Amino acid sequence: MTANLPPQYDPKATETKWQKYWEDNQTFKADPEAGGEPYCVVIPPPNVTGSLHMGHAFEETLIDVLVRYHRMTGRNTLWLPGTDHASIAVQTILEKQLKAEGKTRYDLGRENFLERAWEWKAESGNTITNQLRSLGVSVDWSRERFTMDEGLSAAVLEAFVRLYDEGLIYRGNYLVNWCPASQSAVSDLEVDQQEVEGHLWHFRYPLTDGSGYLEVATTRPETMLGDTGVAVNPEDDRYQHLIGKTVTLPIVNREIPIIADEFVDPTFGTGCVKVTPAHDPNDFEMGKRHNLPFINIMNKDGTLNENAGEFQGQDRFVARKNVVQRLETDGFLVKIEDYKHTVPYSERGKVPVEPLLSTQWFVKIDPLSQRALAALDEENSPVFVPERWTKVYRDWLVKLKDWCISRQLWWGHQIPAWYAVSETQGEITDTTPFVVAKTEAEARAKAVAKFGSDVDLARDPDVLDTWFSSGLWPFSTLGWPDKTKDLDFYYPTTTLVTGFDIIFFWVARMTMMAGHFTEKMPFDTVYIHGLVLDEKGQKMSKSKNNGIDPLLLIGKYGTDALRYTLVKEVVGAGQNIRMEYDRKTDESKSVEASRNFTNKLWNAARFVMMNLEGQTPQQLGVPPYLVRTEDFSPDGERSEEGLELCDRWILSRYHQVVQQSRNSLENYGLGEAAKNLYEFIWGDFCDWYIELVKSRLQQDAEPNSKKVAQQTFAFVLEGILKLLHPFMPHITEEIWHTLTQTGDGDCLALQAYPEADTSPIDPELEQQFELLFGTIRTIRNLRADSDIKPSLKVTAILQSESDKERQILSDGSVYIKDLAKVENLTVTASLDGDLGQTIAGVVGTVQVLIPLAGVVDIAALRGKLEKKLAKIEGEIKHTAARLTNQKFVEKADPQVVQVARDGLAEAEKQAEILRDRLKLF
């Protein structure tokens with residue numbers, strides 16, 4: 001019985017089938033002991049709270065194309081999956097649940113809260129990984145990691161303790177970015193600078209001696225309650241006589257000094273700057289330089305504290321209005337100006353951050369960033385694709401400040417520091433001594449040695465910044481700090497695929513951590529991809545509500561169709577892509593086009609298999625060109641005996657595409673590879689080769705010719721499936737199994753990627769076929785223009801003065817007759833005798849004529865020709881006008897000018913031919 005595919009392709013059934021097969025059979029399970037050249041990618045871990053969005057779909061598809069390709073080239077491949085514990089996001093979800101129950105986390109206590117968090121993770125934390133499965137990602141699920149699993153938690157402890165012991169982690173009272181919404185510190189990289197329409201308030205601060213006043217301006221009036229100085233530039237002649245004097249702070253009546261500091265810009269505003277060391281980064285540094293008091297007026301929830309006097313308990317923005325009103329009442333308000341300025345917002349809390357003096361844990365960045373900089377400058381490691389991101393990465397490494405790593409949350413890696421609270425009346429204060437250790441037992445042993453056996457310990461309640469564990473991800477997931485086989489074989493990883501928006505969040509963290517702990521950069525190459533933009537070319541975001549659900553498109557068109565669309569749209573590495581989408585119908589023309597491509601491939605494969613008479617490619621054998629003729633040729637040349645012109649042509653095109661695909665994929669040209677395959681499969685194979693060989697597959701066809709056609713058919717189709725597999729894994733796996741009649745013991749995903757064989761590549765032959773195809777298209781178009789019935793065979797005359805062109809046309813006459821429905825074909829150097837009324841077209845310098853006598857209605861045809869001539873004459877007029885424009889000729893690209901000249905010459909020739917034809921009517 002002949003094996004074949006069902007009449008229609010069912011993406012849902014096929015994709016579900018193969019996703020289950022690959023996972024059940026552990027098709028992608030990596031084995032470090034198998035040897036070979038490693039290719040390792042660790043997934044950028046999505047948040048455990050997440051759902052699959054278009055950015056995920058894009059990124060994971062790009063990674064999967066690379067991983068599947070390198071697996072098929074024979075590399076020992078590991079794609080390691082996992083998720084991030086997402087401290088702030090998970091805690092936010094749980095606290096919302098508790099709020100709905102009328103509770104807070106403090107009502108539950110830490111232990112019960114964490115128990116509830118783990119329950120949530122068990123119930124809802126697998127949503128994103130199950131959705132990733134629907135993309136057909138070829139990850140090794142047996143190695144799936146979670147940033148809070150036992151092994152990665154141990155790695156975090158090891159890293160923290162080592163850094164602390166080496167003096168690279170410290171606890172200090174510093175100004176941090178504080179998010180009142182999440183009531184946690186956030187790093188500089190978690191702050192989004194937003195331009196807002198605000199105000200600039202001008203106040204008078206009276207000199208204490210009553211001799212006048214200084215005018216200051218601020219965008220945050222409430223912070224004046226914490227002012228401890230006024231600064232002027234030491235070179236500013238206007239204020240030199242006041243340096244060392246004092247002003248009396250309004251409302252608070254605090255006497256504060258006038259200081260001189262070069263930081264002050266004398267040209268900005270009045271040249272006087274209020275100094276609030278506890279609430280502004282620049283003022284913080286000035287306060288340290290001049291030993292000013294640090295007065296914190298803010299509670300952690302964004303309300304004002306006891307240092308704010310009558311404004312205590314008020315929200316910072318309510319207090320802002322009330323402070324301004326009080327200053328106005330007391331006569332200290334000078335003016336209020338509209339002022340556009342930049343305000344830092346917490347990316348998580350979505351509220352303005354408050355610079356707040358707080359005791360936090362920090363990592364000293366400079367020693368870590370210097371190691372990463374040395375790797376970049378001395379070894380060009382890692383390599384960035386596109387290269388332009390190298391400078392961006394380097395600039396960030398240079399300007400990074402010490403990293404605040406403590407977060408005031410419960411869900412996450414609790415900081416492994418224990419305080420000897422018995423030394424500070426049972427409370428953790430800024431001065432409470434502490435020990436750092438991996439376990440409580442180890443901490444107790446250290447504390448007893450320091451403070452005696454009666455010491456009372458309390459663990460630091462804060463957790464580590466999520467990016468701390470993510471920074472260890474490339475090596476902790478492979479077993480570090482243990483010396484595992486995975487770490488030894490697969491590390492450093494090969495490629496990191498990620499978006500440009502987290503170069504600073506994540507990439508720099510990983511290179512710094514890896515450089516320090518492993519003395520190697522964590523990956524060879526960083527492939528930076530662009531964004532998926534919506535149908536209007538805008539960035540997708542929750543605030544704009546313009547996201548496009550990839551799962552919806554998968555349900556409508558299939559996973560392979562979505563994957564192919566996402567990759568094919570990429571024009572150059574790192575470029576953004578735009579997703580076509582109709583929000584009224586939830587349809588996408590671009591994804592629909594890829595779905596149509598799957599149907600085209602399916603139908604072509606069905607036709608091929610129907611004509612293989614139940615034989616597999618292996619049973620049929622390879623096309624004759626692959627058979628060595630050592631017995632007859634001293635240099636072992638390959639035989640092409642039995643191959644017809646079209647067989648040689650498709651094999652040449654096939655190997656060209658193999659070569660192009662390999663070159664593109666090796667150089668991260670994924671979009672280019674996808675486009676080339678599309679054009680080859682749809683155009684060369686489906687539209688041309690299948691049609692060219694149909695007559696050789698009939699029952700009465702010559703046996704040897706038929707066999708060669710079947711061999712070539714099977715060989716090229718199987719090669720196509722292998723070339724396309726990284727992009728469209730499900731449909732290619734299904735067709736391949738049917739074509740090869742392979743059982744469950746093997747799969748396409750593990751087959752060798754095609755090798756390019758240059759011997760059958762024949763550019764001249766390909767050019768010859770371009771002429772043949774152009775001729776066939778022209779005859780078909782002329783038939784259509786003349787309303788000639790499709791079933792009616794015609795006479796055609798091909799005229800060319802070129803000997804070479806006439807030879808090509810003669811050699812390919814059988815294809816022209818077959819595909820253009822031509823009964824009598826004449827190839828000639830000149831047109832002799834009376835041809836009667838004809839219609840003509842041009843292919844290059846070949847005239848194509850069809851005599852019309854007895855075939856069409858001449859009057860109707862004449863009307864069409866006149867219309868066509870008018871159009872061509874319009875094009876001639878337009879092009880001629882461009883070429884007579886001296887500015888265009890002088891300033892345009894020479895190639896553009898030449899194309900215009902060639903186009904004009906071609907149009908004039910066509911117009912001349914049309915005029916000649918019209919003379920006959």
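As a basis for the values below, the full set of heavy atoms in this structure was taken, side chains included, without hydrogen atoms, waters or symmetry mates. Values in this document were obtained by computation on a predicted structure and should not be read as measured data.
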List for me each residue that meets ring pair (Phe, Tyr, Trp, His ring centres under 6.0 Å) alongside [X], sequence neighbours excluded, and say none if there are none.
X	result
Y678	F597, W682
Y668	Y527
W649	F769, F773

For this session: Is it possible for you to check whether K694 lies under 6.0 Å from the centre of the six-membered ring of F607, through NZ or CZ, and within 45° of that ring's axis?
Result: yes
Taking [X] for its side chain and [Y] for its backbone only, find out whether a donor-acceptor pair lies under 3.5 Å.
X	Y	result
T129	N126	yes
T494	C40	yes
E702	N704	yes
N76	G36	no

Salt bridge present between [X] and [Y] (N-O < 4.0 angstrom):
X	Y	value
D140	K29	no
E23	R133	yes
R648	D762	yes
K675	E569	no
R662	E755	yes
K556	E592	no
D534	K539	no
R75	E37	yes
D687	R777	no

Using only heavy-atom distances, determine whether the side chains of [X] and [Y] contain a donor-acceptor pair under 3.5 Å.
X	Y	result
T559	E15	yes
E644	S705	yes
N603	Y9	no
D757	S759	yes

Exercise. Between atom CD1 of I731 and atom CZ of F727, what is the distance when rounded to the nearest 0.5 Å?
Worked result: 15.0 Å
For this session: Look up atom OG1 in T14 and atom NZ in K12, then write down how far apart they are to the nearest 0.5 Å.
Result: 12.5 Å
For this session: For Q575, look at atom CD and say whether over 12 heavy atoms of other residues, nucleotides or ligands are found less than 6.0 Å away.
Result: yes
Exercise. Can you tell me if NZ on K707 sees more than 12 non-hydrogen neighbours from other groups inside 6.0 Å?
Worked result: no
Seminar exercise, completed: Result for side chain to side chain contact (heavy atoms under 4.5 Å, CB included) between K722 and one of V658, L717, L748 points to L748
Problem set entry | Reference residue L782; test side chain to side chain contact (heavy atoms under 4.5 Å, CB included); the match among V794, I850, I788 | I850
Seminar exercise, completed: side-chain hydrogen bond (donor to acceptor under 3.5 Å, both in side chains) pairs touching residues 723-734, sequence neighbours excluded, are K17-E734, W18-E734, Q19-H730, W22-E733, R68-H725, D560-H730, H725-T732, E733-H737
Exercise. Got S588 and M579 here, is their nearest side-chain heavy-atom distance under 4.5 Å?
Worked result: yes
Problem set entry | Partner residues of E666 under the salt bridge (charged side-chain N to carboxylate O under 4.0 Å, His left out) criterion, sequence neighbours left out | none
Problem set entry | For R783, all residues meeting salt bridge (charged side-chain N to carboxylate O under 4.0 Å, His left out), sequence neighbours excluded | none
For this session: For K589 and E535, run salt bridge (charged side-chain N to carboxylate O under 4.0 Å, His left out): C-alpha distance rounded to whole Å, both residues' side-chain angles, the deciding distance at 0.1 Å, then the answer.
Result: CA-CA 11 Å; K589 288 185 178 179; E535 68 280 10; over 6 Å; no
